[in-house]
Protein chains: 2
Amino acid sequence: MARPATRIASPESGDGAERMLQILSEAARLFATNGYDGTSMRDISEACGISKSLLYHHFTDKDEIFAKVTLGSTRELYHFVFDRLPADARPSERVRVFMTATGEYFQRYRWAWIASTTAFWNDPEQRRQKERMMWRDRYEGLIRTLIEEAIEAGEFRPLDVPLTGRLILSSLNWMHRWYKPEKGMAPPQIADAYCDMIFNGLVAPR
Amino acid sequence: MARPATRIASPESGDGAERMLQILSEAARLFATNGYDGTSMRDISEACGISKSLLYHHFTDKDEIFAKVTLGSTRELYHFVFDRLPADARPSERVRVFMTATGEYFQRYRWAWIASTTAFWNDPEQRRQKERMMWRDRYEGLIRTLIEEAIEAGEFRPLDVPLTGRLILSSLNWMHRWYKPEKGMAPPQIADAYCDMIFNGLVAPR
DNA sequence: ACATGCGCTGACCGACCGTTCAGTGCAAGC
DNA sequence: GCTTGCACTGAACGGTCGGTCAGCGCATGT
């Protein structure tokens, strides 16, 4: 059942689902900026303009908020990129789309992305991180598959596939450490420029 | 005045300077593993087998320990790489040495490196971070200069120099997220393999 | 023999952490 | 009009945090 329309007219207080999204949004920004341990439940509640207790009404604990942010981001990144891969394009073109689509995802969901990629990988709380790693592995598996196909098609040289995938992923994953949204190229453009450099190399043709 | 020789015979307790090095070493490992906020003074003291109070005998506070670890690492990285650049080699060869030397530094001072590169860049405590950023900027300025020289010498194509530098640095800086010291190639080899890929590109020659 | 200096400790501090809980106010359903 | 249910709050909990402090043991210089 949908909420009655009168609820929507209410100017100040939001619906429960909206509230959860607001919390996740603010939490993503704070986790990305200050890290997991550097972000307190009080920080999140104050950023949302609510009491600390309300966080526990919507989520069981801090870990769940963090898991929702990072798992959601990692899972959606995979589908976001996968869904944009053109089925009938040349393999190397699909690699390029992989990179630019990742740049686009970064542009749209910057805070959740940063929170996910900077999350410590060896967190003792492994149960919740397990699923995130699963999607991350699928994402990395995807780029490896694309590289292999490009090699088989003769477009790429014979390459160390895992290492090549890591080179591509490194360029994308490190972007958040220097990228400033207000200046310079947009992330998809940056990814495209990286793509040109990596595909063709730095060395001048002789 | 040097310590008298009798002091050295003491089997259990170390000299003050040794203690400081031990503390910095253990702190680097913990900061790298669990982050700044995830590492308590108690963690550091227990890792060293000493009391928490002793940390404050050698350092003023937690921030100073962290600053010593990260600033020391960043400053030494610059000199470590700079000192290894061959003066009379071709520009592109100097770029390669920049990368492999960075890989060698990573291999030797892994924990301090990780603590430095994962340190939050927008820490409110800016006074101490200022000097670290200075060395980091010099380090990045160095690779940009090398790239420019390679372009001027006609070895590299005309390139977006800052972006090219970031591509190279990204590949090196992201290594700690997937590198496992006990298996696979050593970091200098990895840097060299990256170098081959970035120089010559992925695309097969036609 | 005595004073000095230093590496070092255990007890302790206030602040803040994540988390809990009893209870409030208000809209919806009967 | 009354009950139900839920978004929401303020006070409080035990625990851990970074940091302090008085003082101990012992090698050293005189």
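Numbered from 1 within each chain, the chains take letters A, B, ... in sequence-line order.
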Starting at CZ of A/Phe59 and ending at C1' of D/dA7, how long is that distance when rounded to a whole Å? 14 Å
Please determine, for the side chain of A/Ser51, which listed nucleotide (D/dC8, D/dT20, C/dT9) has the closest atom? D/dC8
Set of ring-ring contact (aromatic ring centres under 6.0 Å, His included) partners for A/Tyr56, sequence neighbours left out: none
For the residue pair A/Arg75 and A/Tyr78, would you count it as a cation-pi contact if the rule is NZ or CZ under 6.0 angstrom from the ring centre and within 45 degrees of the ring axis? no
Mind calculating the distance between CG (A/Asp63) and C1' (C/dC17) to the nearest angstrom? 14 Å
What's the CG-C1' distance between B/Asn34 and D/dC17, to the nearest Å? 15 Å
When you get a sec, tell me which of D/dG19, C/dG18, C/dC8 is the closest nucleotide to the side chain of B/Lys62? D/dG19
Under the side chain to side chain donor-acceptor pair (under 3.5 Å) test, residues paired with B/Arg110 that sit two or more places apart: none
In whole angstrom, what separates B/Tyr56's OH from D/dG23's P? 22 Å
Short side-chain N/O contact to C/dG7 OP1/OP2 from B/His57, under 4.0 Å: yes
DNA chain C: A/Asp43 or B/Leu55, which has the more 5' nearest nucleotide? B/Leu55
Polar side chain donor-acceptor pair, B/Tyr36 to B/Thr118, under 3.5 angstrom: no
Heavy atoms under 4.0 Å, any strand shown: does B/Thr39 hit a base, just sugar-phosphate, or nothing? sugar-phosphate
Expressed as a whole number of angstroms, how long is the span from A/Met41:CE to D/dG10:P? 17 Å
Return the value, rounded to whole Å, for the distance between atom CD1 of B/Ile44 and atom P of D/dT16. 18 Å
Considering just the side-chain nitrogens and oxygens of B/Arg19, establish if one lies under 4.0 Å of OP1 or OP2 belonging to C/dC8. yes
Do the charged groups of B/Glu140 and B/Arg144 touch, with an N to O distance under 4.0 Å? yes
For nucleotides 11-16 of chain C, read 5' to 3', which letter fits each nucleotide if B means a protein heavy atom sits under 4.0 Å from the base, S means only the sugar-phosphate is that close, and - means neither? B-----
Closest approach of B/Ala89 and B/Arg94, non-hydrogen atoms and distance? O-CD, 3.7 Å
Measure from the side-chain heavy atoms of B/Ile50 and tell me the nearest of C/dT9, D/dG18, C/dG18. C/dT9
Please check the phosphate of D/dC8 (OP1 and OP2 only) for any side-chain N or O of A/His58 closer than 4.0 Å. yes
Gap between atoms OH and C1', on B/Tyr36 and D/dC17 respectively (whole Å): 11 Å
Looking at the rings of B/Tyr139 and B/Phe98, which for Trp means the six-membered one, are their centres under 6.0 Å apart? yes
What is the distance from CG of A/Leu54 to C1' of C/dC21, rounded to the nearest Å? 15 Å
